[in-house]
Amino acid sequence: QEQLVESGGGLVQAGGSLSLSCAASGRTSGIYPMGWFRQAPGKEREFVATINWSGGSTQYTNSVKGRFTISRNNAKNAVYLQMNNLKPEDTAIYYCAARFSRTMTSNPYDYDFWGQGTQVTVSS
């Protein structure tokens with residue numbers, strides 16, 4: 001059974017930084033792209049960033065470009081999201097996701113399994 005566990009969320013003031021981690025366990029040998037999504041209260045889940053298997057290709061939603069960095073360590077079956085210059089509008093539950101296809105995608109419905117989420121709150 002594949003499992004993703006996020007950590008690193010919390011409360012931070014605007015302009016501050018947080019680093020999220022996501023550890024994968026179970027049948028991880030077939031995992032290719034991994035991604036981060038977020039969901040704010042009353043809103044749909046939205047794409048934040050994704051990274052391919054090698055880590056050589058990344059994609060970001062426009063609102064986080066230049067502020068967030070996604071990375072991965074395949075030896076540890078982990079993916080990370082470094083978030084700098086945080087804004088109140090970044091407040092949401094952040095979810096890690098993985099898929100068994102090589103193609104990178106920003107569509108949450110294309111991902112095969114998900115973590116339970118970690119809360120990020122940015123105060124103004």
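Every heavy atom of this structure was used, including side-chain atoms; hydrogens, water molecules and symmetry mates were not. None of these values were measured; they are calculated from a predicted model.
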Response to the item:
A92 and Q119 have their tightest heavy-atom pair at O-NE2, 3.4 Å
Practice prompt. Work out which heavy atom in P33 is nearest to a heavy atom in T50; give both atom names and the distance.
Written response: CB-OG1, 4.2 Å
Worksheet item: Can you find a pair of side-chain heavy atoms, one from I70 and one from V79, that are under 4.5 Å apart?
Response: yes
Fill in: Euclidean distance, R72 CZ relative to T58 OG1, rounded to 0.5 Å
12.0 Å
Worksheet entry | Whichever hydrophobic residues join Y111 through chains of side-chain contacts under 4.5 Å | F37, F47, I93, Y95, W114
Worksheet entry | Atom pair CG/CZ of D112 and R99 - distance to nearest 0.5 Å | 6.5 Å
Worksheet item: side-chain contact (heavy atoms from CB on, under 4.5 Å) with L86: which of V64, L18, T121?
Response: L18
Worksheet item: Got a donor-acceptor contact below 3.5 angstrom from the S21 side chain to the Y80 backbone?
Response: no
Item to complete: To the nearest 0.5 Å, tell me how far Q3 CD sits from N77 CG.
Response: 12.5 Å
Worksheet item: When you measure from the side chain of T91 to the backbone N and O of V122, does any donor-acceptor pair fall under 3.5 Å?
Response: yes
Worksheet item: So how far is it from S124 OG to K87 NZ, rounded to the nearest 0.5 Å?
Response: 14.0 Å
Discussion item. Rounded at 0.5 Å granularity, tell me how far CG in D90 sits from CZ in R38.
Written reply: 5.0 Å
Discussion item. Any side-chain to backbone donor/acceptor pair from N74 onto S54? Under 3.5 Å, distance only.
Written reply: no
Item to complete: Report the residues that fulfil ring pair (Phe, Tyr, Trp, His ring centres under 6.0 Å) with F113, sequence neighbours left out, ordered by chain and then residue number.
Response: F100
Worksheet item: Got C96 and W36 here, is their nearest side-chain heavy-atom distance under 4.5 Å?
Response: yes
Fill in: Atom pair CZ/CE of R67 and M83 - distance to nearest 0.5 Å
9.5 Å
Worksheet item: With V120, which of L20, L81, L11 fulfils side-chain contact (heavy atoms from CB on, under 4.5 Å)?
Response: L20
Worksheet entry | For S17 against N84, the heavy-atom pair lying closest together | OG-OD1, 2.9 Å
Worksheet entry | Any donor-acceptor pair under 3.5 Å from E6 side chain to G117 backbone | yes
